[in-house]
Protein chains: 2
Amino acid sequence: MDASTAETFRQNYSDAELRDAMELLFFSYRDFIGEPDAILDDFDFGRAHHRVIHFVGRNPNITVSDLLSILKITKQSLSRVLSQLVREDFINQEQGPTDRRQRLLSLTEKGYALEEKLSAHQRSRIAKAFNQAGPEAVDGFYQVLLNMMNNPKEFKRRETS
Amino acid sequence: MDASTAETFRQNYSDAELRDAMELLFFSYRDFIGEPDAILDDFDFGRAHHRVIHFVGRNPNITVSDLLSILKITKQSLSRVLSQLVREDFINQEQGPTDRRQRLLSLTEKGYALEEKLSAHQRSRIAKAFNQAGPEAVDGFYQVLLNMMNNPKEFKRRETS
DNA sequence: AATAATAAGTCAGTGTTATTGACATATATG
DNA sequence: CATATATGTCAATAACACTGACTTATTATT
């Protein structure tokens with residue numbers, strides 16, 4: 001979609017259409033997150049652990065407070081999950097080099113292996129959806145979901161090819 | 001995207017790209033569901049009530065068991081929420097006309113009003129995202145998310161224009 | 001050097017949403 | 001009549017979130 005046609009967008013969507021989209025989001029997200037649960041059960045972990053492992057994996061050496069603002073949960077909620085992951089050697093904490101109050105978080109090898117295992121199903125689900133829908137659809141998927149975010153800049157797309 | 005070019009899709013996405021998409025789903029869904037909570041608080045309701053109200057609204061006279069298979073939660077989980085909504089006159093139950101074991105669910109006027117109020121923010125969020133991204137992007141959004149579902153036929157798109 | 005602010009962690013209590021398992025009732029179907 | 005189905009309910013439990021209050025270590029400010 002180039003700039004010259006940008007003015008010609010239909011700017012009206014009916015409530016029924018918008019409710020369709022709401023429902024599609026619900027269904028697709030429900031199925032998207034429903035998968036790794038079995039693996040997590042084996043470790044006595046839940047979805048909260050999964051999210052922490054994902055975001056620490058994507059942001060090596062992230063601080064606790066930065067992780068908190070991504071997850072938008074409280075320190076106390078994170079604490080339970082994080083201390084468990086550190087205790088069981090999935091996540092490593094080390095003192096910040098310049099600010100020694102910080103505890104920089106990164107995945108251990110064990111943590112990385114779990115992330116791989118957990119995300120395998122989700123990655124192949126997305127790959128399948130992308131391949132079936134085609135590259136133009138993938139662009140649309142990105143555009144719509146980015147525009148749905150409160151702060152689209154929070155999403156850092158690492159790789160485009 | 002027409003059938004003639006369907007064979008030319010790039011069929012390989014890197015793990016990093018796929019993890020990008022996972023993250024975008026997380027962020028956009030987090031922001032999408034984060035909004036109606038304040039309204040729900042006023043009624044002492046939670047997200048579970050919201051989901052029930054939404055799906056009963058979209059599927060008038062749905063049976064309890066059909067609602068359960070959409071939500072993919074247990075009967076006991078639904079029961080607490082549903083009986084509360086019935087007790088406070090947001091949802092109406094009536095005996096099935098052919099099968100009297102069934103309790104067909106529908107929104108009362110009060111329930112419909114609440115649904116309107118709750119979905120208003122989400123609808124305008126989606127409308128904004130659709131308008132910013134453009135109609136082709138909207139098509140892509142639909143295609144990708146549909147292909148991400150376990151059973152795309154579960155999604156019934158009511159309106160296309 | 002003293003004070004204030006920040007980063008992280010912890011203790012205690014609470015609430016929502018989900019779970020499993022067992023069982024009850026009404027109705028429908030073979 | 002026996003069995004299956006649709007719904008509802010009781011009890012116990014767990015995951016994941018919350019609020020509020022407080023501590024410790026470290027950094028920044030005055």
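Here is the naming used below: chain letters follow the sequence lines, and residue numbers restart at 1 for every chain.
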Between B:Arg58 and B:Glu115, is there a salt bridge with N-O shorter than 4.0 Å? no
I'd like to know if A:Gln76 reaches the base of D:dG20 with its side chain such that a donor and an acceptor end up less than 3.5 angstrom apart. yes
Specify the residue among A:Gln95 and B:Ser65 whose closest nucleotide of DNA chain D lies further upstream toward the 5′ end. B:Ser65
Does this structure show an ion pair linking A:Asp20 with B:Lys156, if we count only N-O contacts that are shorter than 4.0 Å? no
What residues form a salt bridge (Lys or Arg N to Asp or Glu O under 4.0 Å) with B:Asp15, not counting sequence neighbours? A:Arg123
I need the full list of ring-ring contact (aromatic ring centres under 6.0 Å, His included) pairs touching residues 87-109 of chain B, with sequence neighbours left out, sorted by first then second residue. B:Phe43-B:Phe90, B:Phe45-B:Phe90
Would you classify B:Gln84 as touching base, sugar-phosphate or nothing, given that sugar-phosphate means primed atoms plus P, OP1 and OP2, and contacts are heavy atoms under 4.0 Å? nothing
Could you pull out all residues at least two apart from B:Thr108 that satisfy side-chain hydrogen bond (donor to acceptor under 3.5 Å, both in side chains)? none
Name the nucleic acid region contacted by B:Thr63, choosing base, sugar-phosphate or nothing; use a 4.0 angstrom heavy-atom cut-off, strictly under. sugar-phosphate
Please give me every residue in residues 97-107 of chain A whose heavy atoms get under 4.0 Å of an atom in DNA chain C, ordered by residue number. A:Arg101, A:Gln102, A:Arg103
side-chain hydrogen bond (donor to acceptor under 3.5 Å, both in side chains) filter on A:Glu94, not counting sequence neighbours, yields none
Those residues that, when tested against B:Arg103, pass side-chain hydrogen bond (donor to acceptor under 3.5 Å, both in side chains) (two or more places apart): none
List every contact pair, protein side and nucleotides 15-17 of chain D side both N or O, where the distance is under 3.5 Å.
| unit_1 | atom_1 | unit_2 | atom_2 | d |
| --- | --- | --- | --- | --- |
| D:dC16 | OP1 | A:Arg47 | N | 2.5 |
| D:dC16 | OP1 | A:Ala48 | N | 3.3 |
| D:dA17 | OP1 | A:Arg51 | NH2 | 2.3 |

Pairing residues for A:Asp66 by the salt bridge (Lys or Arg N to Asp or Glu O under 4.0 Å) criterion, not counting sequence neighbours: none
Mind checking which nucleotides bracket the chain B contacts on DNA chain C, 5' to 3', with an atom under 4.0 Å from a heavy atom? C:dT17 to C:dA28
Results of side-chain hydrogen bond (donor to acceptor under 3.5 Å, both in side chains) for B:Gln76 - residues two or more places apart only: none
How long is the line joining NZ of A:Lys75 and C1' of D:dA21, in whole Å? 10 Å
Between P on D:dA6 and CD on B:Glu94, what's the gap in Å once rounded to a whole number? 19 Å
Show me, pair by pair, the donor-acceptor contacts under 3.5 angstrom made by side chains of residues 49-57 of chain B, not counting sequence neighbours?
| unit_1 | atom_1 | unit_2 | atom_2 | d |
| --- | --- | --- | --- | --- |
| B:His49 | ND1 | B:Gly46 | N | 2.9 |
| B:His49 | NE2 | B:Gln84 | OE1 | 3.0 |
| B:His54 | NE2 | A:Glu23 | OE1 | 2.8 |

Identify, with sequence neighbours excluded, every residue that meets salt bridge (Lys or Arg N to Asp or Glu O under 4.0 Å) alongside B:Lys72. A:Asp31
